Amino acid sequence: MKQIKKWTTALTAGGVLLLSLNSTTQAHWLFKDIDRVAWAQDSIIHAYQMNVIDGIADQEFAPQSQVTWAQFIKMAVMTDNPAFTAGGAGSGSWWQPYFAEAQQTKGFIDGSVKKENMNKPISRLELARIVSRMIDPSLRSKPVDDKTAADVSRKNGILQGRTDTDLALDPYLTRAEAAVIIDRLFEKNGSYGQRHDMLLVKAENGKFILNGLAVGQAADEVHALLGKPFATGQDEADGNPQEIYKNFVVTYYEGKASRITFKAADDDLLKAKKDLSGAAVFRNADTSFYYFPASGELLTATDSTVYVRKDNKNFPSYVQGGELKAVNEAAKAYQQQVQ
């Protein structure tokens, strides 16, 4: 989980602690407790990758826990604009910038919403009011009656019932349900761009290619493949500019892609089962490395990310020091060469 955490925004920044459930099934690569909510699993991953919702702890999501008003208002703001930055809340609560954006700027909540309710659970009906305003600009900043809220949310495919006959407006919203609603809103507003949900990795002419992306591509070439990013930032390690997509993070140096990260696991890559022509494959306890000695390109597979970059000249010393185990013949040949 360590690699993916640097690109996420913590939903629980306000210190709200939620209880988690222990899964009785095989743990998922991202959160170990979401296998029992198969209907929401993909949406949870998508919402997480879009920086809108986070786990409550490392590999724990707590899908059945309730969502507070403050948490869903933040989700609404971030779903409308994933690049929104709250800045400092000063001496106030962490949710105040999101509340102000939702009420004063966007009109997603009206004047009847009280700040003293922000840490209380939000019902599915109140969620429907917010969603209806997000979908229909004519409803913004106005009171929305129960029927209108339900009809707009349902007819636009955002809110469904907990059963075929019950829209279940009275119960409180769960985190799993919130993730599904966020996912549907993103689909509707078109923020996902090119999806590329499945990772396609090739090795051609001594270079790694991830879904058509390669180190050395200019930004306009990346945009042609992924669309425009939903957010930009700086790499934490060296301050280089980054573009953030639903499931890719692209870091640039001197205007060209220097590191390309896919924000998900690939089990075959992680277990060193992929045959990438010409790559020397090494493993340590929890990571696999695919290396082109001639060009110095390195693809790394962890439990939560796959990324490719130019080696920083340290990789040969790791091989020489014995920290890595050679997996294929190309790796054994390279190991002999450096030793």
Side-chain angles (χ1 to χ4, degrees), residues 1-8 25-32 34-35 37-55 59 61 82 176 179-180 182-205 207-215 217 221-231 242-251 257 259-279 281 283 286-290 297-309:
M1 298 297 294
K2 292 180 181 178
Q3 290 294 336
I4 198 170
K5 284 295 184 183
K6 66 185 289 187
W7 300 294
T8 60
T25 60
Q26 183 177 355
H28 188 272
W29 65 267
L30 181 55
F31 295 114
K32 65 184 181 182
I34 65 174
D35 288 313
V37 287
W39 53 273
Q41 190 177 90
D42 287 347
S43 293
I44 290 169
I45 296 166
H46 297 166
Y48 179 89
Q49 290 175 330
M50 290 295 283
N51 294 353
V52 175
I53 192 167
D54 203 357
Q59 292 193 313
F61 184 77
V180 171
I182 289 166
D183 195 21
R184 291 171 181 164
L185 286 168
F186 272 129
E187 290 281 11
K188 189 169 184 64
N189 67 23
S191 293
Y192 278 145
Q194 300 298 319
R195 292 296 296 264
H196 297 297
D197 288 335
M198 299 300 295
L199 181 64
L200 300 176
V201 184
K202 296 181 180 179
E204 295 180 355
N205 302 317
K207 289 183 67 69
F208 294 111
I209 303 172
L210 281 61
N211 295 73
L213 298 167
V215 170
Q217 289 177 330
E221 295 176 289
V222 174
H223 297 165
L225 292 161
L226 296 180
K228 291 298 178 70
F230 70 74
Q242 283 188 336
E243 292 183 336
I244 305 170
Y245 298 85
K246 172 179 167 286
N247 40 25
F248 280 97
V249 175
V250 182
T251 303
R259 175 175 170 136
I260 301 165
T261 303
F262 182 78
K263 299 188 289 183
D266 185 300
D267 197 51
D268 284 346
L269 277 174
L270 179 59
K271 294 179 180 178
K273 292 182 178 180
K274 284 284 178 72
D275 181 16
L276 298 177
S277 178
V281 185
R283 270 190 63 78
D286 55 9
T287 307
S288 287
F289 304 88
Y290 297 74
E297 271 202 1
L298 179 65
L299 182 148
T300 303
T302 72
D303 66 343
S304 61
T305 58
V306 175
Y307 59 93
V308 61
R309 61 176 172 81

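The structure displayed is predicted, hence computed values, not measured ones.
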side-chain contact (heavy atoms from CB on, under 4.5 Å) for T287 and D303? Distances and angles first, verdict last.
CA-CA 8 Å; T287 307; D303 66 343; over 6 Å; no
I'd like to know if the side chain of [X] and the backbone of [Y] have a donor-acceptor N/O pair within less than 3.5 Å.
X	Y	answer
E297	F208	yes
Q217	A214	yes
D268	K274	no

Could you state the interatomic distance from [atom1] ([X]) to [atom2] ([Y]), rounded to the nearest 0.5 Å?
X	Y	atom1	atom2	answer
K263	M50	NZ	CE	8.0 Å
N247	L199	CG	CG	9.0 Å
K202	N211	NZ	CG	9.5 Å
I45	D197	CD1	CG	9.5 Å
K207	L299	NZ	CG	12.0 Å
K228	H223	NZ	NE2	6.0 Å

Any side-chain heavy-atom pair from [X] and [Y] closer than 4.5 angstrom?
X	Y	value
S288	K271	no
V215	R259	no
E243	T251	no
L226	F248	yes
E204	I209	yes
L225	Y245	no
F186	V52	yes
L269	L276	yes

Starting from the C-alpha separation in whole Å, work towards a yes-or-no answer on ring pair (Phe, Tyr, Trp, His ring centres under 6.0 Å) for Y48 and F61.
CA-CA 10 Å; Y48 179 89; F61 184 77; 8.3 Å; no
With a 4.0 Å cut-off on N to O distance, would you call K273 and D267 a salt bridge?
no
Mind checking what makes side chain to side chain donor-acceptor pair (under 3.5 Å) contact with E187, not counting sequence neighbours?
R195
Do we get R283 above F289's six-membered ring, with its NZ or CZ under 6.0 Å from the centre and within 45° of the axis?
no
Of the non-hydrogen atoms in [X] and [Y], which two are nearest, and what is the gap between them?
X	Y	result
L270	D286	CD1-O, 3.5 Å
A272	V281	CB-CG1, 3.8 Å
A257	V250	CB-CG1, 3.9 Å
S43	A179	CB-O, 3.6 Å
F230	P82	CD1-CB, 3.2 Å
I34	F31	CG1-O, 3.5 Å

Taking atom types as modelled and ignoring hydrogens, do the side chains of D183 and Y192 form a donor-acceptor contact shorter than 3.5 angstrom?
yes
Would L210 and V308 count as a side-chain contact (heavy atoms from CB on, under 4.5 Å) here? Give the steps.
CA-CA 8 Å; L210 281 61; V308 61; 3.8 Å; yes
